[in-house]
Amino acid sequence: MYCGGASETMDHVIPFSDGGADDMSNLAPACHRCNRQKGDKTPAELYIGWDLRHRWSGNGTAQKSDFGGKSLRDMYLSVHEGVLGLLDDLDTVAAEIADPKRRSWFLRETPGNYPYDLGVDWYRACYAEKVAKAKAEGWPDMTPEWLRRSST
């Protein structure tokens, strides 16, 4: 979610330690590194910290420019659009995670026991085509016909 790398954990978007819910609506996939770095920060705090750490030389003050011609204040204001984009992405991912059709498809079409010994890369490669097709089809109901008949 945060760096574009492989998702290996689920992160509490609003930190659990700050009262964030421990349910699907407050979870986002993240790699171990990003999840550790985020810690008890919000996604906005994480993004702003990363951006300013990479762009600001540490010279100057909050109001006066550094050698690159930007003050800390200028840089903070310029990162605003990036934070809004991240929050939009989080909304999209949260909607995908919460989608009952998507969850039902994954429960029916992927193994109940995750193949940890084979690794995340193997799992993704194995199911990539199947997941892409199901997503394009709107996560079709994969409940066997006999089970659908018995529940009506």
- Note on the structure: Per side-chain contact (heavy atoms from CB on, under 4.5 Å), Trp105 is matched among Lys135, Glu137, Lys130 by Lys130
- Query: Can you check whether Ala30's main-chain N or O pairs, donor with acceptor, with Thr9's side chain at less than 3.5 Å?
  - Reply: yes
- Could you state the interatomic distance from NZ (Lys41) to CG (Asp18), rounded to the nearest 0.5 Å? 11.5 Å
- Are any non-hydrogen side-chain atoms of Phe106 and Val131 less than 4.5 angstrom apart? yes
- Query: Asp11 versus Pro43: any side-chain heavy-atom pair under 4.5 Å?
  - Reply: no
- Could you tell me the separation between the CD atom of Gln37 and the CZ atom of Arg33, rounded to the nearest 0.5 Å? 4.0 Å
- Query: Do Leu87 and Met24 belong together in a cluster built from hydrophobic side chains that touch within less than 4.5 Å?
  - Reply: yes
- Task: Determine the minimum heavy-atom distance between Ala21 and Asn26, stating which atoms define it.
- Result: O-ND2, 2.8 Å
- Query: For the atom pair CE (Met1) and CG (Asn35), what is the distance rounded to the nearest 0.5 Å?
  - Reply: 13.0 Å
- Query: NZ of Lys38 to SG of Cys3: how many Å apart, nearest 0.5 Å?
  - Reply: 13.5 Å
- Message: Using 0.5 Å steps for rounding, measure from the CD atom of Glu96 to the CH2 atom of Trp139.
- Response: 7.5 Å
- Out of curiosity, Asp23 CG to His12 NE2, how far, rounded to the nearest 0.5 Å? 8.5 Å
- In sequence, state the C-alpha distance, the side-chain angles, and the governing distance for Tyr2 and Leu86, and then conclude on side-chain contact (heavy atoms from CB on, under 4.5 Å). CA-CA 8 Å; Tyr2 305 113; Leu86 172 65; 4.1 Å; yes
- Query: Where is the tightest heavy-atom contact between Asp40 and Pro15, given as atom of each residue plus distance?
  - Reply: O-CG, 3.2 Å
- What do the steps show when you test Met10 against Ile97 for side-chain contact (heavy atoms from CB on, under 4.5 Å), and what is the final call? CA-CA 11 Å; Met10 294 301 280; Ile97 290 171; 3.8 Å; yes
